[in-house]
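By convention in this document, chain letters (A, B, ...) are assigned in the order of the sequence lines, proteins followed by strands, and residues within each chain are numbered from 1. Note: hydrogens, waters and symmetry copies are ignored here, and every other heavy atom, side chains too, is used.
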Amino acid sequence: MLFAPCSTCSDAVGPMVTLMSEPVRVRIAPSPTGTVHLGLCRTALFNWATARRRGGKFILRIEDTDHDRSTAESEAAIVEGLRWLGLDWDEGPDVGGPYAPYRQSERIERHHERAGELLAAGHAYRCFCTRERLDALRAGQEERKETARYDGQCRDLEPDDVERRLAAGEPFAVRFRVPEGATTFDDLVRGTVTFAHAEVDDWVMVRQVGGPTYNFVVVCDDIDMRITEVLRGEEHLVNTPKQLLLYAAFGAPAPAFGHLPLMLGPNRKKLSKRHGDTALGDYRANGYPREAIVNFLCLQGWALDGATEVFDVATFVERFDPRDVQKAGAVFDFDKFKWLSGELIRRQPLALVAERCAPFVVAGGLATEGELRERARWFEQVVAGEQERILLYSDLPGRIAHFFAADEAVPYAADAEAGARKHAGRIETLAAFRAWLAAQDPAASAEVLGAGAKAFVAAAGLKLPALFQPLRCALTGMAGGRDLFDVVVLLGREHALARIEAAERRLA
RNA sequence: GGCCCGUUCGUCUAGUCAGGCCUAGGACACCAGGUUUUCAUCCUGGCGACAGGGGUUCGAAUCCCCUACGGGUCACCA
């Protein structure tokens, strides 16, 4: 439908808006009960991409209805962690928005109000059953190998009876009255899914003590916040009929649902702490670039074109469609994650890599932040030689520690020293090379020194390793690594000479 | 156990909706070469999968059914 152009504000806004499909509103609704799990990050990423791609809104809502387990620290960690990944939200507890508050614990009154509506309309009923009775009921059902479910004892109490018990102050829970029939919905990821209502229990919406439960508040809030699409983990698939029934009871349009495949551990079960790190903070602390984390998370259940593995988040936003998401669970491949990390680091600008590595160098005790800043150009050159060799930012300190060592005490790795000692004439060769190096122009470049060194070796009638292996050990104490003359230049000639002289004693 | 979902190389996946373009493509890992003073990068090659069985069809990884296996979920947790 088209609107007649408004005379006072006649631009394209009116018609444009109506021509576009209704703006999508998606959300991520974590419970602040622990560390920021990678599964949450992926769900957030997919929802965020949905909103950004289609010009909609992405909302952060904190599900802290479990008072005992929810903490402010955890909420802060979620906000901080998701932002660190590069996600942003249009509405949330920290940024506000038109449907505030965005913390469920602050919406309790509204939930009670909504429960009252369902009670009044007969879609819900009060249940006076005690915990003991329910426990006994379940125990009996389990013993007879029956499906544990509520037996409907309070489903059709006489109104008088209810009044009397209320007046007597008997505590009650509110249960949803599940109707006969079945619920079918079109899952964005899985296609048509059907649940028979006989399988859906008359579940508790409001506890006797402790307030409204998840399945109830999530729907209340999603309705109030005008959520149009729900992308969440597959563990929620079985909750969907309960929630759809609630939308129907409220007479509210239901959002589209899409259930993402679970992220699995090597044991093919839900990724858990037992089989490696699951918290975003672990990867962050281990030196994974945020870009690699995002890229890898994209690859868990989704593929760009089946061939391109490395891509940026803008490309993901441009191309992501929940309908392309894989249905089967994805086993978390730690090796590939690490490979991707290295791949991303190699593509980053040198200055950025240096900046990201610096904290790890400081934490490794090699230098202070101030020292690195003072020698920023030098440090960048040090990083330059390692950029293509490290997989994680945290790999750097171990690889460049020798630059910070005392010349006479460069730690020699066993394989480096063994390689050096293979050469019988090593001491003489090193001494001769030291004399040669001392005679070179102190400002000579690595290229010039390298070419000169090769000529030196040839003139001495040696093979290249006869010089390079002992020399590499002398300068770096390592068996492999960057161009040796880069090391000489970075070290400064005096230090290089001192290290060679020390090696002449240490390798004797 | 009931219900629901799923099943392509060891792993992540393309191809499945619109059956022939698939003697099933890419990536990680692994193996073998090459490049490099060394290590890493990089290049080349190799290994390696449509869970099984029926059907529909001229033709099935793709559609249908059954079986097997795997996962999720069965709370007054979220």
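- Residue D335(A) is in sugar-phosphate contact alone, with no base atom involved, counting any heavy-atom pair closer than 4.0 Å across all strands shown.
- The residue Q326(A) sits close only to the backbone: its heavy atoms come under 4.0 Å of sugar-phosphate atoms, none of a base.
- If you check rU73(B), rG26(B), rC12(B) against the side chain of K270(A), the one that comes closest is rU73(B).
- Using a 4.0 Å cut-off between charged side-chain N and carboxylate O, E417(A) and R506(A) make no salt bridge.
- Set against rU13(B), rA40(B), rC5(B), the side chain of E388(A) has rA40(B) as its closest nucleotide.
- Considering only side-chain atoms of R131(A), the nucleotide from rC76(B), rA27(B), rU73(B) that sits closest is rC76(B).
- Residue contacts shown for C129(A) include a base, since a base heavy atom lies under 4.0 Å away.
- As judged by a 4.0 angstrom heavy-atom cut-off over every strand, H236(A) is placed among the base-contacting residues.
- Atom CG of D305(A) is separated from atom P of rC12(B) by 18 Å (rounded to the nearest Å).
- Residue contacts shown for D68(A) are absent, as no nucleic acid heavy atom lies under 4.0 Å away.
- In this structure, of rC12(B), rC4(B), rC28(B), it is rC12(B) that holds the atom nearest to the side chain of R268(A).
- Take the nearest nucleotide of RNA chain B for G301(A) and for R346(A): the residue whose nucleotide is more 5' is G301(A).
- Regarding F216(A), its CZ atom lies at a distance of 20 Å from the P atom of rA75(B), rounded to whole Å.
- Atom CH2 in W203(A) sits roughly 23 Å away from atom P in rC3(B) (whole-Å rounding).
- Formation of a donor-acceptor pair under 3.5 Å by the R190(A) side chain with backbone atoms of H259(A) is found in this model.
- For the pair F296(A) CZ and rA29(B) C1', the interatomic distance rounds to 13 Å; values are reported in whole Å.
- The separation of rG15(B) from rG54(B), taken at their C1' atoms, amounts to 24 Å, rounded to a whole angstrom.
- Straight-line distance between the C1' atoms of rC9(B) and rA29(B): roughly 12 Å, to the nearest whole Å.
- When the side-chain nitrogen and oxygen atoms of Q141(A) are compared with OP1 and OP2 of rG2(B), none of them lie within a distance under 4.0 Å.
- If you take atom C1' in rC74(B) and the same atom in rA61(B), they sit 34 Å apart, rounded to whole Å.
- Here the nucleotide nearest the side chain of E234(A), chosen from rU13(B), rU37(B), rG71(B), is rG71(B).
- F334(A) has its CZ atom 13 Å from the C1' atom of rC12(B), to the nearest Å.
- Taking the P atoms as reference points, rA32(B) lies 23 Å from rU11(B), given to the whole Å.
- Closest to the side chain of V331(A), from the set rC76(B), rU11(B), rG71(B), is rU11(B).
- In this structure, V174(A) reaches neither bases nor backbone, as no heavy-atom distance under 4.0 Å exists between it and the strands shown.
- For the P atom pair drawn from rG48(B) and rG26(B), the interatomic distance equals 14 Å after rounding to whole Å.
- Per the geometry, CD belonging to E235(A) stands 14 Å off P belonging to rA78(B), to the nearest Å.
- Computed from coordinates, the F485(A) CZ to rU36(B) C1' distance equals 14 Å when rounded to whole Å.
- One side chain, Q469(A) or H423(A), offers a donor N or O that lies under 3.5 Å from an acceptor on the other.
- Within 4.0 Å of D201(A), counting heavy atoms only, lies no atom of the nucleic acid at all.
- Taking atom C1' in both rU8(B) and rA51(B), one finds a spacing of 10 Å when rounded to whole Å.
- rG55(B) and rU62(B) have their P atoms separated by 14 Å, with the value rounded to a whole Å.
- Residue A303(A) has its side chain nearest to rA14(B) when only rC5(B), rC42(B), rA14(B) are considered.
- For R175(A), the listed nucleotide lying nearest its side chain is rC76(B); candidates were rU37(B), rC76(B), rA29(B).
- Among the heavy atoms of the strands lying under 4.0 Å from E199(A) are primed sugar atoms or P, OP1, OP2 only; no base atom is included.
- Base pairing annotation: rA24(B) forms no Watson-Crick or G-U wobble pair, as no partner gives both donor-acceptor distances under 3.5 Å.
- Backbone-only contact: T194(A) has heavy atoms under 4.0 Å from sugar-phosphate atoms and none from a base.
- Residue contacts shown for G210(A) are absent, as no nucleic acid heavy atom lies under 4.0 Å away.
- Residue K454(A) has a polar side-chain atom (N or O) positioned under 4.0 Å from OP1 or OP2 of rU37(B).
- Here the side chain of A148(A) is nearest to one of rC42(B), rA27(B), rA75(B), namely rA75(B).
- As judged by a 4.0 angstrom heavy-atom cut-off over every strand, D483(A) is placed among the base-contacting residues.
- Salt bridge absent: E113(A) and R107(A) never bring a charged side-chain N and a carboxylate O closer than 4.0 Å.
- In terms of modelled atom types and a separation under 3.5 Å, the side chain of R434(A) and the main chain of A496(A) share no donor-acceptor contact.
- Distances shorter than 4.0 Å separate some side-chain N or O of R138(A) from OP1 or OP2 on rC76(B).
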Check: For F332(A) and F334(A), what are the C-alpha separation, side-chain angles and deciding distance, and is it a ring-ring contact (aromatic ring centres under 6.0 Å, His included)?
Finding: CA-CA 6 Å; F332(A) 203 82; F334(A) 296 95; 4.9 Å; yes
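- Nucleotides rG19(B) and rA78(B), compared at atom C1', are 44 Å apart to the nearest Å.
- The partner of rU57(B), taking Watson-Crick or G-U wobble pairs whose two distances both stay under 3.5 Å, does not exist in any strand shown.
- With salt bridges taken as basic N to acidic carboxylate O contacts below 4.0 Å, none links R346(A) and E388(A).
- Salt bridge annotation for R138(A)-E142(A): absent, with no cationic side-chain nitrogen under 4.0 angstrom from a carboxylate oxygen.
- Whole-Å rounding puts the F337(A) CZ to rC28(B) P distance at 16 Å.
- Nucleotide rC30(B) forms a pair with rG46(B), judged by Watson-Crick or G-U wobble geometry with both contacts under 3.5 Å.
- Relative to the six-membered ring of Y288(A), R290(A) misses at least one condition, a distance below 6.0 Å or an angle of at most 45° to the axis.
- With T35(A) contributing its side chain and H37(A) its backbone, the two residues share no donor-acceptor pair below 3.5 Å.
- When the side-chain nitrogen and oxygen atoms of T65(A) are compared with OP1 and OP2 of rA78(B), one or more of them lie within a distance under 4.0 Å.
- No contact: L471(A) has no heavy atom under 4.0 Å from any strand.
- A donor and an acceptor atom sit less than 3.5 Å apart, one in the side chain of K336(A) and one in the base of rC12(B).
- Checking rC39(B) for Watson-Crick or G-U wobble geometry (two distances, each under 3.5 Å) identifies no partner in any strand.
- Shown here, rG70(B) forms a base pair with rC5(B); the pair counts as Watson-Crick or G-U wobble because both key distances fall under 3.5 Å.
- Residue contacts for Q300(A): at a heavy-atom cut-off of 4.0 Å it reaches the sugar-phosphate backbone alone, with no base atom in range.
- The side chain of L262(A) has rG72(B) as its nearest neighbour among rG72(B), rA78(B), rA27(B).
- Where A328(A) and S31(A) each meet RNA chain B at their nearest nucleotide, the meeting point lying more 5' is that of A328(A).
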